[in-house]
Structures are given as structure tokens and as C-alpha cells.
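Letters go in sequence order (proteins before strands), and every chain restarts at 1.
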There are 2 protein chains.
Amino acid sequence: MVVDRARRLDLVFHALAHPARRAMIRQLSMAGAGGERNLSELAAPLRMSFPAASKHVRVLEGARLVRRRIVGREHRCRLHAAPLRDATRWTEQFRRNWEARFRALDALLEEMQSGEANPHGHPRPQRR
Amino acid sequence: MVVDRARRLDLVFHALAHPARRAMIRQLSMAGAGGERNLSELAAPLRMSFPAASKHVRVLEGARLVRRRIVGREHRCRLHAAPLRDATRWTEQFRRNWEARFRALDALLEEMQSGEANPHGHPRPQRR
DNA sequence: GGTATATTAAACCAAATGGTTGTTGATCGA
DNA sequence: TCGATCAACAACCATTTGGTTTAATATACC
């Protein structure tokens with residue numbers, strides 16, 4: 001099944017949009033690279049039934065944020081960081097662009113204030 | 001109404017988890033700092049009814065990613081980057097930690113391979 | 001005033017989400 | 001082999017999400 005970039009981002013952001021799932025990611029992150037937690041360990045701190053926690057893990061798997069390795073009766077989960085990087089890249093792309101333009105506007109205002117003294121009598125554009 | 005940090009992140013990530021809303025953010029980002037788009041402009045490229053688009057804008061507002069200024073009959077929207085930064089910070093926090101540990105593991109493996117020649121006969125641990 | 005434009009509101013709908021309980025199956029340890 | 005443990009599965013439920021259509025409201029234009 002082919003899942004395109006956009007759909008992939010949907011899944012990752014959706015996975016991150018629930019505190020229980022973020023808590024799981026946090027816990028797996030603490031485990032370090034190659035570190036693993038089985039489902040019980042992930043579910044334990046979560047104030048919800050085991051099946052509920054299990055479903056959250058599946059959501060994380062669907063977003064490819066977590067991979068599962070079955071060893072005996074335990075399902076060992078580990079974090080997979082790549083989709084997290086994709087998500088970050090997406091947000092950064094627009095955040096940086098946006099903030100860069102804001103800095104450019106700041107610079108322009110600075111220049112207009114100090115260099116010339118508002119020579120054409122235009123009212124200075126205001127932010128906020 | 002007080003909305004705590006965790007809940008705020010829920011809202012932001014949820015807002016980012018739909019392609020229509022990401023498209024709106026992209027469009028507003030193109031508009032530059034201080035740039036605005038009214039609802040019709042945001043809705044136009046979206047292959048859905050106007051009311052549907054309007055609801056998406058509300059979701060973005062709820063996440064404080066967009067602010068609305070009503071001018072006459074037009075509702076002018078502008079991007080607000082701060083929550084985007086919060087979201088990025090969250091993901092970066094764990095991604096970096098995780099990748100740093102992975103690099104450390106790589107370095108260790110490197111050292112074991114070149115320095116000693118696998119002296120204890122342990123099978124080399126494999127990643128992937 | 002009358003008409004077009006921009007947007008909200010209301011009612012409705014299907015599907016997804018997030019949770020529960022109860023049951024089943026596999027595996028580990030004594 | 002027996003009991004405890006780890007986890008899936010199924011069925012069910014309430015709420016949210018994402019969409020629609022139709023109607024209402026406020027503003028701009030002629």
C-alpha cells in the first residue's frame with residue numbers, strides 16, 4: 001500500500017496530537033537508541049485500560065513512529081525517529097520563512113527610522 | 001478558560017494533521033509577515049464547500065496558529081508562528097536526544113571494529 | 001432601496017476516535 | 001500441567017471530526 005507524503009504527515013501529526021501517545025514517545029526516547037519497552041511498560045503509567053493503550057501504540061505504528069518486535073509473549077517497541085524529522089522539517093519550513101520575513105520587516109523599519117527621517121510623509125506601517 | 005501546555009500541544013498537532021489546514025498555513029506563510037488572507041481566499045483552492053473551509057480556519061484559530069481581524073464583511077486571517085515553534089521544540093527535544101544516542105552507538109561500534117578486532121568473539125550487534 | 005458578497009449558523013450525516021468490558025490465545029515459570 | 005502474564009480481538013458506546021445543504025446576517029456597491 002502506497003502512502004504518499006501528505007498522508008504520511010497526516011498520520012504523524014495526528015499521532016502526536018494525543019498526550020498518551022506523546023507520553024509513550026517520551027518514554028521510548030528515555031530508553032535510548034535501541035532501547036525498548038513492551039506494551040505493559042508503555043501502558044502502566046497511563047490511567048487507562050490496557051486495550052486503550054494498545055490502540056494508541058497501533059496509531060504510533062501506523063505513523064511509523066514506533067516499530068514492534070515480538071519476543072515470546074512480549075511485544076517490544078522502539079522509537080523510530082525519521083517521521084519525527086519529517087514533521088519537524090515541515091513546521092520549520094514555514095516557521096522560518098515566516099520569521100525571516102518578520103525580521104526583514106523589522107530591518108526595513110529600522111532603516112526608515114534612522115537613515116532617512118520618513119521623507120515621503122507616509123505613516124509608518126504598524127505591526128500588532 | 002485556562003488551557004495548559006499539554007492541551008495546547010494537542011490542539012496544535014491536531015490542527016496540523018489535516019492537509020487542508022496545512023495548505024492554509026502554507027498559503028498564509030506565502031503571504032509573508034503581516035500578510036493576510038480572507039476566508040474566501042483561503043477556501044478557494046480547497047475543493048470543499050465554504051462552510052467546511054470556515055470550520056478548518058476555526059480549528060487553526062483554536063490552536064492559536066491563526067488570528068482573525070474583521071474588517072467590514074471580510075475576515076482577514078494572519079499566521080501566528082509561536083505555537084508552531086512550540087510544536088517544533090517538542091519534536092526536536094526527543095528527536096535530537098534519540099539521534100544523539102544513535103550516533104553514540106555508532107561511535108562505539110566503530111571503536112570496537114577498528115581498535116580491537118572483536119577480541120571476545122561476541123557477534124557484532126546489528127542495527128536495522 | 002435593492003442586490004451582490006462575505007461569512008456565520010443550524011441541521012444533518014457518515015466515519016473516525018477514544019474509551020470500556022469480556023473473552024480468547026499464547027507463553028513463561030513453578 | 002497449572003496458574004499467572006502479555007497481548008489481541010470483538011463488541012459496544014459516546015463524542016468528535018469532517019463534510020454537506022439550506023437559511024440567516026451583515027456589509028459593500030450601484
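- As rounded to whole Å, 19 Å separates atom P of dA14(C) from atom CE of Met48(B).
- The aromatic rings of Trp90(A) and Phe13(A) sit perpendicular, their planes meeting at an angle over 60°, well past the 30° parallel limit.
- dA7(D) atom P lies 13 Å from atom CZ of Arg37(A), rounded to whole Å.
- A ring-centre distance under 6.0 Å is found for His56(A) and His18(A).
- Heavy-atom distances to DNA chain C give each of Gly72(A) and Pro51(A) a nearest nucleotide, and the one nearer the 5′ end belongs to Pro51(A).
- To the nearest angstrom, C1' of dA4(C) lies 14 Å from CD of Glu74(B).
- For a distance-only test at 3.5 Å, the side chain of Arg73(A) qualifies as a donor-acceptor partner of the base of dT5(D).
- Of all the residues in residues 5-15 of chain B, His14(B) reach under 4.0 Å from DNA chain D with at least one non-hydrogen atom.
- Residue Ile70(B) contributes atom CD1, which lies 10 Å from atom P of dT7(C) at whole-angstrom precision.
- Here dG18(C) presents its C1' atom at 6 Å from NE2 of His56(A), a figure rounded to the nearest Å.
- Glu61(B) and Arg67(B) are not joined by a salt bridge, as no carboxylate oxygen comes within less than 4.0 angstrom of a charged side-chain nitrogen.
- Within the 4.0 angstrom heavy-atom criterion, no nucleotide atom of any strand lies near Arg47(B).
- Between Arg21(A) and dT17(C) there is no side-chain N or O to OP1 or OP2 distance below 4.0 Å.
- Between His75(B) and dT8(C) there is a side-chain polar atom (N or O) within less than 4.0 angstrom of OP1 or OP2.
- Distance alone, capped at 3.5 Å, places no donor-acceptor pair between the Arg89(B) side chain and the Leu84(B) backbone.
- Using a 4.0 Å heavy-atom distance criterion, Ser49(A) is classed as a base contact.
- For the pair Arg22(A) and Asp10(B), the salt-bridge criterion is met [side-chain N within less than 4.0 Å of a carboxylate O].
- Side-chain nitrogen and oxygen atoms of Arg68(A) include none within less than 4.0 Å of the OP1 or OP2 phosphate oxygen of dC6(D).
- The side chain of His18(B) places an N or O atom within less than 4.0 Å of a non-bridging phosphate oxygen (OP1 or OP2) of dG19(D).
- The CG atom of Asn38(A) sits 16 Å away from the P atom of dT27(C) (whole-angstrom rounding).
- The separation between Phe50(B) atom CZ and dA9(C) atom C1' is 13 Å, rounded to whole Å.
- Checking dC9(D), dA9(C), dT20(D) against every side-chain atom of Lys55(B), the shortest atom distance belongs to dT20(D).
- One finds no salt bridge joining Asp4(A) and Arg7(A) here, because no Lys/Arg side-chain nitrogen approaches an Asp/Glu carboxylate oxygen to under 4.0 Å.
- Closest approach of Ala15(B) and Leu60(B) over heavy atoms only: CB-CD2, 4.1 Å.
- Straight-line distance from the CZ atom of Arg76(A) to the P atom of dA7(D): 9 Å, rounded to whole Å.
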